[in-house]
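One structure below.
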Amino acid sequence: MHWIDIGVNLTHDSFDADRDEVIARAADRGVTQLVVTGASLAGSAAAIALARRYPGRLFATAGVHPHHAHELGPQELPQLRELLRAPEVVAVGECGLDYFRDYSPRAAQRQAFEYQLQLAAECGKPLFLHQRDAHADFTSALRSRGRAPAGAVAHCFTGGDRELAAYLDLGLSIGITGWFCDERRGAHLAQLVGRIPPQRLMLETDAPYLLPRDLTPRPHSRRNEPMYLPHIGAAVARARAETPEDCAAHTSAHARAFFGLPQAPESRPRG
Ligand SMILES: [Zn+2]
């Protein structure tokens, strides 16, 4: 079984001491390809540098998260455009709107989001989208542009049936994280995940965040890792009444087509 983690914050400093081991552990569990999230200009450059060390296995996004939206003005656009040209970059983002935290003023968030919608149209790469408590502004920004030519994925989907219907109607793919495994906050997703067509569904850990709550034993560090993706995949498969093998196959096939990834490398033989 091959799994693809489409959202992992591997440049996060919690991985500084053992990043290569984290990548090796994931590969040992069949998580053979990872898309490293870029959330700022510096973070995107770091994600690209990391992806370059693992050709065919690690890829990167380049973009500015709504939390950092105030860092993206007109004078930064050439730099982001340049990052997006890197062959390791398979998506524009993480970008979108976050009115839950409001770390950047909302006007700045909307402007940075507009810039990145425009850059995605220019560079022909898909969008990696973040939305929290901003559904109306988010969907209206997407709708006013029409369908993203190279597609878009709403990462870490945690919404309800109305949001899911709106996203599917907009042509978005849906990223499901270990939030799904949280019996307090994620139970409603079990009802919804069966409504996502297989050619629209992808899986992600969002590591080091969102450690699945039902892991046993629970790691002391509480740090999430891409090696836990098959755990999320098994829970999603159960809710969709399909086998983990089928879930791995169709989520990987969609991720590969969506991001334009090469075939998965053979897993390393275990000694
Ligand atoms: Zn996010």
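Whatever order the structure lists them in is the order used to number ligands and atoms, beginning at 1. Residues take their numbers from the sequence shown, with the count starting at 1.
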**Request:** Give me the one residue out of Leu129, Leu170, Asp133 that meets side chain to side chain contact (heavy atoms under 4.5 Å, CB included) with Phe138.
**Result:**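 Answer to the side chain to side chain contact (heavy atoms under 4.5 Å, CB included) test with Phe138 among Leu129, Leu170, Asp133: Leu129.
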
**Request:** Specify whether His67 and His130 have parallel, tilted or perpendicular ring planes, treating 30° as the upper limit for parallel and 60° as the lower limit for perpendicular.
**Result:**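 Geometry flag for His130 against His67: perpendicular rings.
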
Residues 206-216 side chain polar contacts: donor-acceptor under 3.5 Å, at least two apart:
{"residue": "Asp206", "atom": "OD1", "partner": "Asn9", "partner atom": "ND2", "Å": "3.0"}
{"residue": "Arg213", "atom": "NH2", "partner": "Glu183", "partner atom": "OE2", "Å": "3.2"}
{"residue": "Asp214", "atom": "OD1", "partner": "His231", "partner atom": "NE2", "Å": "2.7"}

**Request:** Inspect the contact between Arg101 and Asp98 and indicate whether a charged nitrogen and a carboxylate oxygen are less than 4.0 angstrom apart.
**Result:**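 Arg101 and Asp98: not salt-bridged.
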
**Asked** Is any protein N, O or S atom closer than 2.8 Å to the Zn ion (ligand 1), and if so, which?
**Response**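 Only Glu94 OE2, His130 ND1, His155 NE2 fall inside 2.8 Å of the Zn ion (ligand 1).
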
**Item:** Partners passing side chain to side chain donor-acceptor pair (under 3.5 Å) against Arg143 (at least two apart in sequence or in another chain)
**Value:**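 Arg143 satisfies side chain to side chain donor-acceptor pair (under 3.5 Å) with no residue once adjacent residues are dropped.
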
What side-chain donor-acceptor pairs closer than 3.5 Å can you find for residues 70-77, not counting sequence neighbours?
{"residue": "His70", "atom": "ND1", "partner": "Ser104", "partner atom": "OG", "Å": "2.6"}
{"residue": "Glu71", "atom": "OE2", "partner": "His68", "partner atom": "ND1", "Å": "3.1"}
{"residue": "Glu76", "atom": "OE1", "partner": "Gly73", "partner atom": "N", "Å": "2.8"}

